[in-house]
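Letters go in sequence order (proteins before strands), and every chain restarts at 1.
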Amino acid sequence: MELSEQEINRRQSLDELQKLGIDPYPADIYEVNVTAEEIHKNFPADNSLYQDISIAGRIMQRRIMGAASFTEIQDATGRIQLYFKRDEICPGEDKTMYNIVFKRHLDIGDIIGVKGYVFITQMGEITIHVKEYKLLSKSLKVLPVVKEKEDKVWDAFTDPEQRYRQRYLDLIVNPKIKDVFVQRSRLINSMRSFLNGKGYLEVETPVLQPLYGGAAARPFKTFHNTLDMTLYLRIADELYLKRLIVGGYDGVYEFAKDFRNEGMGRYHNPEFTQMELYVAYKDYKWMMDLVEEMVEKIALDMHGTTKVKVSDREINFKRPWKRLTMFEAIKEYTGIDISGMNEEEIIKVANKVGVETDPSMGKGKLIDEIFGETVEPNLIQPAFITDYPIEMSPLAKKHKSKEGLTERFEAICNGKEICNAFSELNDPIDQRERFEAQLELGKRGDEESMVLDEDFLRALEYGMPPTAGLGIGIDRLAMVMTDQPSIQDVIFFPQMRPEKKPQVSTDEDFIKLGIPKDWVPVVRKAGFKTIVELKQANPNKLFNDLNGLRKKMKLNIPALKIEEVKGWMEK
RNA sequence: CUCUCCGUAGCUCAGUUGGCAGAGCAGCUGACUCUUAAUCAGCGGGUCGUGGGUUCGAAUCCCCCCGGGGAGACCA
């Protein structure tokens, strides 16, 4: 690849450092005994602390004033200023370590370790007075320099494409991003400790599945060579976890990566994280209480309060949350009671509220669409929607008392579903019929309808206790809890199209033509990325251009002769 | 997949009606021993996303393609 001027400078510094006997990538452990955060926290109260410290981090900022310099380094906890003084770094006659190594060959982005003591400058900044330093890693790429003063930010690194593709850069330069992922981790820890506290068992089930099931979604397909069969990446872990309830565990849960082969956008990444929980001898009402308790606790653990700021609103997770049946909710937001209607009447309602319909949609799907269009975006504060139609809930138990409905709920918050739960269907004969109804939908053209899983039915035939099940979207919950507008902001490496690589020939290809090694970068600079392009060039013009560049770039290599250039063309 | 906006130096962005490609930061050279968006003087840095077209002349106008954002579609 072609290097920019600054990248060439850094590689030259690397060489110079090595000539001075400095290993730019030393292998030894560098012992650190304090963090930037600890110093900022404790030093103001007790100035006798931190008088013999060792700390390491990345250089983020340099202000050089002749024989003294201020540098900021950033460790995992934050930034701290360093003070370098020439005669302190170099007590003897030899000032190389300051004048040459520090001033000339260190750059923003390099990682160094320093030893010294903490003091406060005349400007009142807590600073480390450096007695000695060591280069720990030389940085060859130029970091974007973001400057900040009193909440004003200059030259922020904001391009979403680069931020997502090079998340490491985003994390280095935008410290608030690092925080989001710390928060995400705390969310998961909070949930896990809540579930462990209840005595449930964390388990793992297959990602590669011969049949996919447990949700309405299109799968990713892959192939196992030895078994000579198609496998699917799981779209949900439901059917496996229920097999474990059949096996006799009281409560099992899994933090699972699931994969759905569908569109992408602010709320959808092809792979996403879900926590699914199944508890024996419970029902969906019991599960609602658990969800409220768990999410309230997460908010408290993360923010110390149940109130969470999300964009320009405040969402309060304090129990109890509002509870509405699906029909009540649709009636509340549209004024239409669809509870007694047949499919034809519902199609009319759907069209009236702006939902497009097509023949593949069953009654359940239609109701779901009407709900999604009219109700869901309006539910900002956490709310439970209960009692979903049977057609859209093929794994949920029929309602105890309401005909045509199931014992199912979703929690909605900030206009989006965050979880889905039901009293699990444990009647194997009913379950078989529901799967068959799904196959029927599939024949009507519904590509997300479920397939029939015989082994799962066999498990149910041995008998599954009444069970409550829950799936909760970790990414979406993290979006709400960390106030991020897009799912890509709570996933380290969101899915993206591959970066296109420009077509280039290797250095070896050029050298094979007889081009001296030192001339290869010049040839590239002249605009020839491939040997094919080069061979089409006019040798006289090429000869002139290359020697011209040699002069312009002040290269200390012998000038080319026209015979040489012609020689490359003939090979 | 559709609509829409965007792609210019390492980063953030200007670029008029089509007329020599600009600024700040970063970099390099020099000055400066408590600075903090350090300062001061000087210098270098570009395949204007890619390919085609119109034109005497294209970063600018037109078309194709690539990548991204937003809104939909699909989806939970």
For Thr121(A) and for Asp368(A), locate the closest nucleotide of RNA chain B by heavy-atom distance; then report the residue assigned to the nucleotide nearer the 5' terminus.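 Its nearest nucleotide being more 5', the pick is Thr121(A).
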Please tabulate, one pair per line, all N/O donor-acceptor pairs under 3.5 Å involving side-chain atoms of residues 121-128 of chain A, not counting sequence neighbours.
residue: Thr121(A); atom: OG1; partner: Met123(A); partner atom: N; Å: 3.3
residue: Thr121(A); atom: OG1; partner: Gly124(A); partner atom: N; Å: 3.4
residue: Thr121(A); atom: OG1; partner: Glu125(A); partner atom: N; Å: 3.1
residue: Thr127(A); atom: OG1; partner: Gln81(A); partner atom: NE2; Å: 3.0
residue: Thr127(A); atom: OG1; partner: Glu125(A); partner atom: O; Å: 2.8

Here the distance between atom P of rA73(B) and atom OH of Tyr267(A), to the nearest Å, is 14 Å
May I have all residue pairs that pass ring-ring contact (aromatic ring centres under 6.0 Å, His included) and include part of residues 89-111 of chain A, sequence neighbours excluded?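 Found Phe84(A)-Phe102(A), Tyr98(A)-Phe102(A).
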With sequence neighbours left out, which residue pairs that include part of residues 362-382 of chain A fulfil the ring-ring contact (aromatic ring centres under 6.0 Å, His included) condition?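 Pairs touching residues 362-382 of chain A that pass the test: none.
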Side chain to side chain donor-acceptor pair (under 3.5 Å) filter on Glu391(A), not counting sequence neighbours, yields none
Would you say Arg63(A) reaches rA38(B)'s phosphate, i.e. side-chain N/O to OP1/OP2 under 4.0 Å?
-> yes
Hits for ring-ring contact (aromatic ring centres under 6.0 Å, His included) against Phe493(A), two or more places apart or cross-chain, chain-then-number order -> none
Could you list, one pair per line, each protein nitrogen or oxygen that sits under 3.5 Å from a nitrogen or oxygen of nucleotides 68-71 of chain B, together with the distance?
residue: rG68(B); atom: OP1; partner: Arg497(A); partner atom: N; Å: 3.0
residue: rG68(B); atom: OP2; partner: Arg497(A); partner atom: NH1; Å: 3.2
residue: rG68(B); atom: O4'; partner: Glu161(A); partner atom: OE1; Å: 3.0
residue: rG69(B); atom: OP1; partner: Gln488(A); partner atom: NE2; Å: 3.1
residue: rA71(B); atom: OP1; partner: Arg266(A); partner atom: NH1; Å: 2.8

Check your understanding: What integer number of Å spans the C1' atoms of rG53(B) and rC6(B)?
Key -> 23 Å
Pair Phe422(A) and Tyr284(A), ring centroids less than 6.0 Å apart |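 Between Tyr284(A) and Phe422(A), which both carry aromatic rings, the centre distance is not below 6.0 Å.
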Annotated structure of RNA chain B as dot-bracket, pair cut-off 3.5 Å, Watson-Crick or G-U only, | for inter-strand, is (((((((..((((.....[..)))).(((((.......))))).....(.(((..]....))).))))))))....
Applying a 4.0 Å non-hydrogen cut-off, can you work out what [X] is touching in the nucleic acid: base, sugar-phosphate, or nothing?
X	answer
Phe119(A)	base
Arg86(A)	nothing
Phe157(A)	sugar-phosphate

Regarding the side chain of Lys149(A), the nearest nucleotide among rU12(B), rA37(B), rU36(B) is rA37(B)
Note: contacts of residues 372-390 of chain A with RNA chain B (heavy atom, under 4.0 Å) are Glu376(A)
A correct 5'-to-3' footprint of nucleotides 26-32 of chain B, with B, S and - meaning base, sugar-phosphate only and no protein heavy atom under 4.0 Å, is BSSSS-B
According to side-chain contact (heavy atoms from CB on, under 4.5 Å), who are the partners of [X], at least two apart in sequence or on a separate chain?
X	answer
Lys221(A)	Thr230(A), Tyr232(A)
Arg11(A)	Leu3(A), Glu7(A), Leu140(A)
Gln166(A)	Gln162(A), Tyr168(A), Leu169(A)

